[in-house]
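Only heavy atoms go into these numbers, but all of them, side chains included; no hydrogens, no water, no symmetry mates. Keep in mind that this is a model prediction, so the values were computed, not measured.
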Amino acid sequence: MIKSAFRAIQTDIRMILIALCLAGSFTGAIFFSGFDKPYFVPALLLVAAGTLVALWPGFRKGWSFASAPVTWLLCGFWAWLALSMMWTKVPHVSMIFFVTISTLPMLFFSIVQSPRADDFIRYCRAGIMIPVTLLALSTIGQYFLLPDLIRDRINYPMLNPNNLAETLMMGVFLSLPLFTTRTTLFGRVFLGTIISLCVFAMMMTQSRGGMLALLVGSAIFAVVCHKTVRAQWKSFVILAAAILTEWAVYHATVMSRWGDSHLLGGGDAPEAVRVRYELWKSGWGMLKDYGFTGGAGLGSFYLTFPPYRQLSDTSDGFFLHVDPFQFGIETGIPATILFYAFCTAVLVRTINVFRIGPVTRDLAVPIICGFCGLLGLLINAHLDYPLYMVTSQIMAAIFLAGWYRATEDIIDSARLNLTLRNRAHRIFLIPLLSLLLLILPGWILRAGTGVYFDGRSSAALQNQDMDGAAKYAALSMKYSPDSYDRSYLVDGVWRVRLLQTQFYSLDPDTRLKLYETADRDFDMALERNPLNVPVMTQKAVLHYTVAPRLDADGLQHAREILEDELKLDPVTFEVRVALAKMYDLENRPLDSIRILEGGLEYKLAQLYAPPPYLFLLAQAYQKTGNMPAAQKAIDDGNQRVELFSKQAANQTIGVGGWVNQKIEQVFGN
């Protein structure tokens, strides 16, 4: 008896540890702003830690893995992404996105294989709901307390309002199963408050995609779980009344502040639809061109998109905003097929559960809430990019695990029992577990270390500290993965800067060594990422700087590099300006005009081209004697100066800047 009680306590501790790992990972991932900062490291490492805790008992007893069409299709999709690493052109970028997307299958399989999987899922759900609730409160607080720091939509601390809305939407469906099973008044009120807060916060984001997903999921829940709704009609009526009251408050305040509502079709709705359409046209062209094995690799869309940009497209071009098709563009058409096959398997299994016979309310609610949460994520995956975010991956894993376990109690699904005691199993398990629990975490840590030292090197360079820039660049190259191209970039940049500022004070041997090492650094970076436009820019700057003193054909080399770079990214102001200036030095004003006018064919450049760009175009026109065109370019440049000045005067530091200011006030610099 004592032994069994001790084992039960051990299991409870493991469940608490997993919940804490996921809560910590989720919280860190909320603040994710890109892989150029090391904040992704704790989020991904905590996912690996949670997976290890869940799998730990199996090292002695073995593991019972879920075996059904839906799970095998998930494995197939995951395996294809892993296989695509063999032909990726950007190994570091692809690896970091592969680790991110691996969050879902790793957590799902590790939790579901546990003998007490249902308890694990409840603990994980509760652990995630804590940061989700705080996120909802933060969003509402920003709306009412910091109105001068926000525009018409709230996104802080996430990348954009849609990311925030879809996270809150999934929080609603994570809370619903607990809301329907609580019998005490306090429990109902507490969980109903969390749900209403999430919905209210979603309104603050003004995300149409998030609200659409919530409405579709709520309708499916009301229809399929109508018995639960009828049995607890008082609770649902009060919840609905609270949400309607929140809508009235939102509508009144948003109309008084900005005069329209994005949720009712106001704001930039028509322009957003147009831009998405242009973006999707480019994506379709890429999908047709790349074929079976896709483009440059997983996570490479933002690198390969620029040449396909439509002239009227004003998007940032970082994501396609249709994740399944982006998987196909990046890694090959089978990724898209396997993804939709997996989604179809989830739908078919859900339908089959209810076809078998009456489903008890205790099982119907988690099945439908899990299904609706996944469906809402799928809807948003066709409007945004949630599948590339750790937060969405964690919540999707909990939804999928809860949904699968509930359906497994009705559909007798097979289990695949694996153990390290079996020699045949060891051949497969040891490499897999080593990859998931040792190699990938080690790689994540090294990647974060490289990013950290990159940042230190760049900061030292801004402070004119060449010794510090060199030291941290060397540390970045030493500790980061070999595939990390930015280490070589920052090492080359400080050498270029030294040649620019101290060329004549350096002895000839030092100059030559700096030049040759920087050139080699940039070549090494381009070997690891041939689509890295900033590296090409710096390589061109290097040749321009030393020409003709160390490179007799330096100007020609710089021009050729910039011309190649322009093919990779036609809408890049710096490259067009640099090329135009070089043509001007060679007394080729017509070529300068061609380069600068070519950029203005894109609507994005028409809206955001800096004034110097237009003034340079005016100078080129003047040299050809086209004075009317020159005057128009000057007038456009002056108007752009006034516009940018007004925008700068009206721009606020934003919620993120305000938070950083408060942190500095408390902790100092």
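Residue F325 qualifies as open at atom CZ: its count of foreign heavy atoms under 6.0 Å is 12 or below. The number of heavy atoms from other shown groups lying within 6.0 Å of CZ (F644) is above 12. Other residues, nucleotides and ligands place no more than 12 heavy atoms under 6.0 Å from the NZ atom of K89. Atom OH of Y544 has 12 or fewer neighbouring heavy atoms from other residues, nucleotides or ligands inside a 6.0 Å radius.
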Requested in this report: Under the ring-ring contact (aromatic ring centres under 6.0 Å, His included) rule, what do H382 and W280 come out as? Steps first, then yes or no, please.
Outcome: CA-CA 10 Å; H382 288 76; W280 295 339; 8.9 Å; no
Requested in this report: For the pair F522 and Y488, evaluate ring-ring contact (aromatic ring centres under 6.0 Å, His included) and give the outcome as yes or no after the intermediate values.
Outcome: CA-CA 6 Å; F522 296 141; Y488 296 94; over 10 Å; no
Requested in this report: Start with the C-alpha distance between F40 and F35, add both sets of side-chain angles, then the distance that settles ring-ring contact (aromatic ring centres under 6.0 Å, His included), and finish with yes or no.
Outcome: CA-CA 7 Å; F40 66 89; F35 291 115; 5.3 Å; yes
Query raised in the report: Could you walk me through whether D584 and K623 pass the salt bridge (charged side-chain N to carboxylate O under 4.0 Å, His left out) check?
Result: CA-CA 9 Å; D584 183 62; K623 289 190 175 183; 2.4 Å; yes
Query raised in the report: Does the side chain to side chain contact (heavy atoms under 4.5 Å, CB included) test come out yes or no for L475 and R456, once each step is laid out?
Result: CA-CA 10 Å; L475 289 171; R456 296 294 298 273; over 6 Å; no
Report task. Take H557 and D551 through the test side chain to side chain donor-acceptor pair (under 3.5 Å) and record every step on the way to the result. Result -> CA-CA 9 Å; H557 291 157; D551 183 357; 2.9 Å; yes
**Report entry** CA sep, side-chain torsions, deciding dist, call: R309, E278, salt bridge (charged side-chain N to carboxylate O under 4.0 Å, His left out)
**Finding:** CA-CA 8 Å; R309 180 186 290 276; E278 297 290 338; over 6 Å; no
Requested in this report: List the steps and the verdict of side chain to side chain contact (heavy atoms under 4.5 Å, CB included) for Y515 and R495.
Outcome: CA-CA 7 Å; Y515 163 64; R495 298 175 190 275; over 6 Å; no
Query raised in the report: Between Y479 and R446, does a side chain to side chain contact (heavy atoms under 4.5 Å, CB included) hold up when you go through it step by step?
Result: CA-CA 6 Å; Y479 292 109; R446 291 182 63 196; 5.9 Å; no
Requested in this report: Go through the steps for F305 and L279 under the test side chain to side chain contact (heavy atoms under 4.5 Å, CB included), then give the verdict.
Outcome: CA-CA 9 Å; F305 164 74; L279 189 61; 3.7 Å; yes
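Side-chain polar atoms of D152 and H262 form a donor-acceptor pair below 3.5 angstrom. A donor-acceptor contact under 3.5 angstrom links the side chains of Y504 and R549, judged on distance only. With no hydrogens or angles considered, a side-chain donor-acceptor pair links Q142 and S138 at under 3.5 Å. With hydrogens and angles left out, the side-chain atoms of N155 and N160 include no donor and acceptor closer than 3.5 Å. Looking at D507 and T510, their side chains do bring a donor and an acceptor atom within 3.5 Å of each other.
Looking at L600, D635, L596, V641 one by one, the single match for side-chain contact (heavy atoms from CB on, under 4.5 Å) with L614 turns out to be L600.
Considering only heavy atoms from C-beta on, V322 stays 4.5 Å or farther from R276 through its side chain. The side-chain heavy atoms of D148 and T652, taken from C-beta on, include no pair separated by under 4.5 Å. When side chains are defined from C-beta on, V659 counts as touching Y156, because their heavy atoms get closer than 4.5 Å. The closest side-chain heavy-atom distance from L550 to R511 is below 4.5 Å. Here the side chains of Q206 and V254 are in contact, with some heavy-atom distance below 4.5 Å. K603 is not listed as a side-chain neighbour of D313, based on a closest heavy-atom distance of 4.5 Å or more. Residues D323 and P386 are in side-chain contact: their nearest non-hydrogen atoms beyond the backbone lie under 4.5 Å apart. Proximity of D519 to H543: side-chain heavy atoms (C-beta onward) are separated by under 4.5 Å at one or more points.
Scanning for salt bridge (charged side-chain N to carboxylate O under 4.0 Å, His left out) contacts around E642 gives an empty result, with sequence neighbours left out. For W658, the ring pair (Phe, Tyr, Trp, His ring centres under 6.0 Å) criterion is met by no residue, not counting sequence neighbours.
K632 has a carboxylate O that lies under 4.0 Å from a charged side-chain N of D636, or vice versa, which qualifies the two as a salt bridge.
Heavy atoms only, all atoms of each residue included: M466 and L498 are closest at CG-CD1, 3.9 Å. Heavy-atom minimum distance, Q310 versus Y602: O-CD2, 4.1 Å. The two residues M85 and S94 make their nearest non-hydrogen contact at CE-O, 3.1 Å. Across all their heavy atoms, I96 and T100 have their closest contact at O-OG1, 3.0 Å. The shortest non-hydrogen separation linking G450 to Y484 is C-CE2, 3.9 Å. Across every non-hydrogen atom of L383 and G209, the tightest pair is CD1-CA, 3.6 Å.
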Show me the side-chain donor-acceptor pairs of residues 284-302 shorter than 3.5 Å, one per line, residues at least two apart or across chains.
unit_1	atom_1	unit_2	atom_2	d
D289	OD2	Y308	OH	2.9
S300	OG	G297	N	3.2
S300	OG	G297	O	2.5

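Using a distance-only test at 3.5 Å, with no hydrogens or angles considered, no donor-acceptor pair links the side chain of D553 to the main chain of Q556. Using modelled atom types, one side-chain atom of T336 and one backbone atom of G328 make a donor-acceptor pair closer than 3.5 Å. A donor-acceptor contact shorter than 3.5 Å is absent between the side chain of S392 and the backbone of M389. Counting only distance, with no hydrogens or angles, the side chain of T517 and the backbone of L514 share no donor-acceptor pair below 3.5 Å. Of the possible donor and acceptor atoms, one in the side chain of R274 sits under 3.5 Å from a partner among the backbone N and O of S312. A side-chain donor-acceptor contact under 3.5 Å links R640 to the backbone of A609. In terms of modelled atom types and a separation under 3.5 Å, the side chain of N638 and the main chain of I634 share a donor-acceptor contact. At distances below 3.5 Å, not a single donor-acceptor pair connects side-chain atoms of Q622 with backbone N or O atoms of A630. Side-chain N or O atoms of R576 include none that pairs as donor or acceptor with a backbone N or O of S592 at under 3.5 Å. Judged by distance alone, with hydrogens and angles left aside, the side-chain atoms of R528 form no donor-acceptor pair with the main-chain N or O of S483 at under 3.5 Å.
The cationic group of R257 lies under 6.0 Å from the six-membered ring centre of Y143 and within 45° of the ring axis, placing it in a cation-pi geometry.
F339 and F327 have tilted rings, their planes meeting at an angle from 30° to 60° on a 0 to 90° scale. Using bins of under 30°, 30° to 60° and over 60° for the plane-to-plane angle, the ring pair F453/Y472 lands in the parallel bin.
Between the CG atom of L387 and the CD atom of Q393 there is a distance of 6.0 Å, given to the nearest 0.5 Å. In this structure, T205 OG1 and M158 CE are separated by 11.0 Å, a value rounded to the nearest 0.5 Å.
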